[in-house]
Each structure stands twice: as structure tokens, then as C-alpha cells.
Amino acid sequence: MTDTTEARHRIERYDAGAIEPGWQARWAEAGLHDTDLTDDSRPKYYLLTMYPYPSGDLHIGHWYIVTPSDALARFRRMHGYNVFFPIGFDAFGLPAENAAIKNGGHPFTWTMQNIENMRRQFRSMGATFAWKNEVVTADPSYYGWNQWLFLRFLEAGLAYRARSSVDWCPNDGTLAREQVEGTDRHCWRCGALVEKRDLEQWFLRTTRYADELLDFTGLDWPDPIKNQQTNWIGRSEGAEIDFEVAPDDYQPGGDRLRVFTTRPDTLFGATFMVLAPEHPLVPKLTHPDRLAEVEAYVGQARRRTEIDRLSTDRAKTGVAIGADTINPVSGERIPIFVADYVLATYGTGAIMAVPAHDERDFEFAEAFGLEIRRVVAAPGEGADAPMGAAYIAHAAGEVLVNSGPYSGLPADEGGKAIVAWLAETGRADPKVTYRLRDWLISRQRYWGTPIPVIYCPTDGVVPVPDDQLPVRLPETVDYAGSGDNPLNHDETFLRVDCPRCGGPARRETDTMDTFMDSSWYWFRYLSPDEPGGPIDREITDKWTPVDQYTGGAEHAVMHLLYARFFTKAMADSGLVRDREPFKRLFNQGQILGADGERMSKSRGNVQDPDELVERYGADTVRLFLMFMGPWDQGGPWSPTGIGGVHRFLNRVWTLALDPHGREAGDPNAGTLPAGESEADARAALRSAAHKTLRDVTADYEAFHFNTMIAKLMEL
RNA sequence: GCCGGAGUGGCGGAACGGCAGACGCAGCGGACUUAAACUCCGCGGCCCGCAAGGGCGUCCGAGUUCGAAUCUCGGCUCCGGCACCA
């Protein structure tokens, strides 16, 4: 090779390492991507990617999440939009605390180191974030407004206290689900067996918005997500019906047991009743002779997980409490059981069991030899046709049978008539129940937003006055070798004067669920430094709702539902105008390790982006992540595939730089095949370019990034 | 278990109900090179066959349709969520 060709070769070679850092520095210096939120000359486009948790193991997954959104930001800017594409960090949470408990140190230090590292990585990938608007939720300038919003919700009657059970370790206090290990359910740190403990905790009344949350009008969201939310909310229409406890040798009877049922038409078929083990009347109603057995069963049930209890796979268990109740329509005495397939948190925590027309009740009745009485018959079916399984289908022409004066009525009509009749004497009410529960926001942990409430022996529960916000986390924390909330032992934090009477009082030591932080962060991005309130109303009205939100489908029901709830609650407090946060939603899939498993340090399958950038450059990594497959599907990382897109970028580079438009290494490039006219070739190329332009634009709109890149390769 | 999603060459994937396998990876053949790497050109679902050609083929089983990877029903496997991981 002569000196001249070598020199030429060096100039033309695609060398990302020589190109990218310089441009990235210039973008940062010019503040090119810091959005002027007051600019009205262009249409606004608020593009939001779910802010990351600053975890210890940084991996290619963070790039996978951000890259297509970042590409979309550029695409919209080139289409003339004023794009706002902010970033922040979901900085509170359990992993920081686990690290501190395990290895010492402060959750703050751990978190801030991770954030610093992620900032550097996001810069090295050339992401066009509006860094000026960054939000870090663990900063008092953010979490203080969590507290302020909580107090507004408290005023609006949306926040309340109630007893609720937690997984409890005698040494480490409340445990998260991931801190409970093994089938025997022991503590991750000390190994002690986990039990349930009832604590007074704070809730937000999400159920107030249940019906409105079912309405997705105007939202361009994926159908599977809307389905999941709809099922999660789980609206059921039915009735609550009172059963009276029958008198017995040890108690006079007369207590009322209220059940919820979606099938009041089957009331005549209720041959027993089942209470949740946690039902408050269980201790009172249980026959003294049965007490020991019932207590043992209740204790056992409380150790089970909810998933386990609801599994229809598992054989039904339960025990009779030795008391009867009276079926309000037939007047018959029917036995009462406790069984763990009935949950205290749904409906009234008690059901009327109709084995003939409910699968679970059928199974239970078979196991315990209880009467199965048909009260609904399909057309042409006899009133006493034998039943091998519960009949639950809703067929046209079904009629009630064995139902006294209601026999012969169509099932729907009969059900309504039964409820109406009982309602006359106050023994039933039509009722809508939701599977959705109110949001428990209390966490017995240090690393979160302190709930701004004070307990005074004289004045009771006293909200911290606005002018005393934020209630700051103490800067030093002593875990004392246990997982128990250190705020409980921090006297300077605990001791406080009552804002009302000035007497000695005690601070709330529970902190807030981190979903609280993520339920309004996109509002704060618009005015991260605003000292006078959580949001700047004028800017917020201009920029919200978010035009496009992108993030993982694993957030389908919790985060995405809490965010919708919060927006509605904020709107009702007069803080924001819109009742929905995100106009359009796209859920990307998850990138997995090359072994097909979730990437994690412990599995040793994390792909380090820094190495890849070193070797190929950020643009190659980004392009490959978008090319791998459909964004909504995710999939395993391929260590070899990235070479292909790198070659592609190489070719584009040389093609663009060679004045003759030659592809490197092809001796025949740039010459027309024999017999072809230059005019035809130019026309064909022009046509192909326009077709690609059309297809690529459509693919961008539809988030089909992999085929978009394939078409560019073809061109 | 319940709710939601997915299953197509050796691999990642493509395909308005209309030629299955675009694009890429790995592989094979060739050009360039003293050689290798890089780069470039070409081949490529599987089986039989020298070939021409034939058979099979989109997780499994039914069905709808002139026609199904695509629609319907049943099943299997894997992934996400199941309320204290975020």
C-alpha cells in the first residue's frame, strides 16, 4: 500500500470514537436540547420516557429503553416541533436501602453515585435530553412537594388511615415481597419465619375514581394495557345481602353478616356461607368447641400469599366455625365456614356459597359433603338434572328453579326481583364492587418521602403545616444491623412539638411508596426549580398532557394506573386542567441477557454499554438496539448481530464521503452495468429514495423501528 | 391459578387473509492479499435427487375460507403483572 492510499483510507474510515465525543460536547455546550418552554412559534411535543431507577447494575437495557424515544425526539424536531424530552431519576426505593443494610454506607451516597454514572452514560450515548429540567426524587426540592400534595389529598378526603397487614419479621420489621424467601416464607436477612402483622397505615382513595379510570376515551393506548387496567379495576355489579346469624346454645344470634354477590338470582341455592379468615366476626361467632381448630386454620391462612390463596389449582380448605346463619329467602339454617379462598379485601369479606353455580363453591361443597342445590336451569333442562360441575353459563332462556315464588322467572329478572324484595326491609342493596383496592402508600422504611403528619396525645393526627415543609429525612442514618426502619429510633426526628397545642408530639415514621414519586414527575419536569408550588400552572397548561409516553409493559396496571389517578385527583384539587396524563402510550419489551434471562449482576449476564461504545461507537449500538426486533417485544441480546449494523454505517459513511459515490472495496462500484442508461438509473434511484422516505416515515409513526432500518439498508 | 402478551430457517426477525422467510447474524463458495484480518461479489428453510424436479414446512390439534403464519375454538410452552422490586 502506498502512502497516499493509506492516508486516503484513514480519512474515509468510519471512526465513531473520533466523531461522537466532539459533537456531544458541542451539543451540551450549546444547550441544544434544552427546550425553550415559552417558545410558541412551533407546535409543542412532549415526549416522555419512564424515568429510570438508578440501580447498581447499569446495563444495555437502559439504552434499549431510551434509544428509540431519543430517535423519535430527533424525528419530531426535524418535522418542526418544539420537542421537550426530559429525564430524571426515580431515586428513592428499596435497593439503595438493601445495599446500605448489607454493606453499610448511606442510601443517599449509593444512589447519587449511580445517578452520576447514569448521567455519564446517557451523555456518552448522545441522548438528546433536556438536562436542565432534570428531576431527582430523593431531593427535598422534589419530595417536599410529595408531602404538599399528600396534604391536599388529606384535605380532600382522599387520604385516610386504616389497619392493614404487612409481612413482618420479628427482627427486621416489615418486609417487601422480594425480602421474603422460600416456601416456608422466611426473612432474606436473618432467616426468621415471616408473619403477618396489622398496622395503622395511610391509604389513598383510588376507588373513588374507579369508574372514571375505566373510561379510556381519547387515549391512544395499546388495547392489552387498557384490558389489563379494566380487569385490574374489576367492576362487578351485584348486590349486598344481609344474613342473620342463627341463635345457638352459646350465643343469642342476630348478628348481621353482609355478603356481596354478583348472582343474587342464585340466593335460594346458597347452602352455606364462607367468611374470610380475617373477618372481624370470626372470633365472636365461633363455637367455643371449635375455637382451637378455627384459630389454627386462621393462623395458617394468614401465612399464605394471596396468589396462593386465590389459586384455583389448589384443593379447597376451610373449617366450620360451628355457627349457622339463616338464608334470608328460604329461612333455612345454613352452616358458616372460614376458608382462605375468600379474601377480606374484596367485597365484604364474606360470601354466600352457591355450589351449584360457582366453581369454587362447588369444589368446596364436594370436599366437605355439602348440599348442592340447582336453582338455575338452562332451556330444556330439568329442575333436578344432576350436576357434575357448577353451571355458570349465561345462556338465553335460563330460568330459576327451586326458588320458591321466583321459580320460572328468567334468571336476570328473578335476581332483580329478589334484591328488590329484600331491599324493602333493608336486607339488601344493589351494589357495585371493584377488585381495585385503595392504594396503601405507607412504607415502614427510611429511604422515602416522610409522610407529613404528627401524632399528638391531645390533638390526635395533625398535618404538618405547609410552611414547615419539607419534612426532611435526617441526614445520618443508623441501621443498627437490622432492617427495621431507623426513623423509629431517631429521637431528633421523632420528637416534635404539636403544631396545634405546642405540646410534645411524635412524627409519623412511615414514608411514602415510591409510586407516589412517579405519579406526577412529568409535571415537575416542566418547572423543576419552582419554589412556590409543585407545578407552574401556566407552563403546565401549555405542555400537558404528555403527547407520547414510552415505557415497559410491566407498569401496565400499577404505575400507569396510579399516574392516571393522581392526575384526576390533582385536577379535582384545582392544580391541573387535564384529567388524563398521557395521550399516547407505547410499551416496549424487555431486553434480556444473551442467555434469554433477565439481565442482572447476580446472573452475570449483563451487557456493559461502555465496552460496546468503545468498540463500535454509540451510533452503532443505538442502531443495533433499534434493529434487533420489534420494540414492543424485547428479546435476548445478540453479541454477534451488532457487527452487521456497524458494517452498514461504514458503508453509508464511505458512500457519503467518496465523491464518486463508491462503496468501499467494490472495484465495480460507481460504474453502470452494461446496457443501462444513466438516466434510467437516476430515475430508479430517485424513485427508490422516495419510496423509502414514505415507508420510513410510516414506520416511525408506528414504532416499527426494525423494519424502518431494514428499508434504509435496502436503499 | 388469574389477567395480558408471544411462539415462523442454525439465530434475531419480515410478511393489507393472496409467491412464507424482507433485512441482518452465523455458515459456505469466490475476489482482493505473500498470508491473515478488513472490505467486496455470490449461495443459502428442511429432506430426496448429479440435475431437472419432487415431498414436507410458520408450537400441537380441530375449524372457517377458493386460499390461513395471519381469523375462530381447544391444548402445550415461554415471558410480563398479581397491589412492599421499580
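Here is the naming used below: chain letters follow the sequence lines, and residue numbers restart at 1 for every chain. On a predicted model such as this, the values are computed, not experimentally measured, just so you know.
At the phosphate of B:A14, OP1 or OP2 sits under 4.0 Å from a side-chain N or O atom of A:Asn706. Put simply, A:Arg647 has no side-chain N or O that comes within less than 4.0 Å of OP1 or OP2 on B:C38. Within the structure, a side-chain polar atom (N or O) of A:Arg651 is placed less than 4.0 Å from OP1 or OP2 of B:C40. Side-chain nitrogen and oxygen atoms of A:Asn227 include none within less than 4.0 Å of the OP1 or OP2 phosphate oxygen of B:C3.
For A:Gln444 against B:C84, a side-chain-to-base donor-acceptor contact under 3.5 Å is present. Contact annotation: side chain of A:Arg445 to base of B:C84, donor-acceptor pair present below 3.5 Å.
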Protein-nucleic acid N or O pairs under 3.5 Å, nucleotides 16-20 of chain B:
none

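Among the atoms of the strands shown, only primed sugar atoms or phosphate atoms (P, OP1, OP2) are found under 4.0 Å from some heavy atom of A:Tyr53. When heavy atoms are screened at a 4.0 angstrom cut-off, A:Ser518 is found touching no nucleic acid atom at all. Here A:Leu436 lies in heavy-atom contact (under 4.0 Å) with a base. Within the 4.0 angstrom heavy-atom criterion, base atoms lie near A:Ile307. Counting non-hydrogen atoms under 4.0 angstrom, A:Ser638 reaches nothing in the nucleic acid. Residue A:Phe648 is classed as having no contact, given no heavy-atom separation below 4.0 Å to the nucleic acid. No engagement by A:Val645 is indicated, since no non-hydrogen atom pair under 4.0 Å with the nucleic acid exists. Counting any heavy atom pair closer than 4.0 Å across all strands shown, A:Ser442 reaches a base atom. Heavy atoms of A:Arg309 sit nowhere under 4.0 angstrom from any nucleic acid atom. Residue A:Trp439 is out of contact with every strand shown, counting any heavy-atom pair closer than 4.0 Å. As judged by a 4.0 angstrom heavy-atom cut-off over every strand, A:Gln201 is placed among the base-contacting residues. If you check every strand for non-hydrogen atoms under 4.0 Å, A:Gln228 touches a base. Counting non-hydrogen atoms under 4.0 angstrom, A:His559 reaches nothing in the nucleic acid.
The aromatic rings of A:Phe203 and A:Tyr160 sit parallel, their planes meeting at an angle under 30°, below the 60° perpendicular limit.
Cation-pi geometry between A:Arg564 and A:Trp221 is met: under 6.0 angstrom from the ring centre, within 45 degrees of the axis. For the pair A:Arg622 and A:Trp63, the cation-pi criterion (under 6.0 Å, within 45° of the ring axis) is not fulfilled.
A side-chain contact (heavy atoms from CB on, under 4.5 Å) with A:Arg185 is found for exactly one of A:Asp167, A:Leu175, A:Leu193, namely A:Asp167.
Under the Watson-Crick or G-U wobble criterion, with both distances below 3.5 Å, B:U72 is paired with B:A62.
Among the nucleotides B:G4, B:C84, B:G13, the one closest to the side chain of A:Pro630 is B:G13.
For A:Phe586 and A:Tyr549, the distance between ring centers is not under 6.0 angstrom.
Put simply, the side chain of A:Ile233 reaches to within 4.5 Å of the side chain of A:Leu561, judged on heavy atoms.
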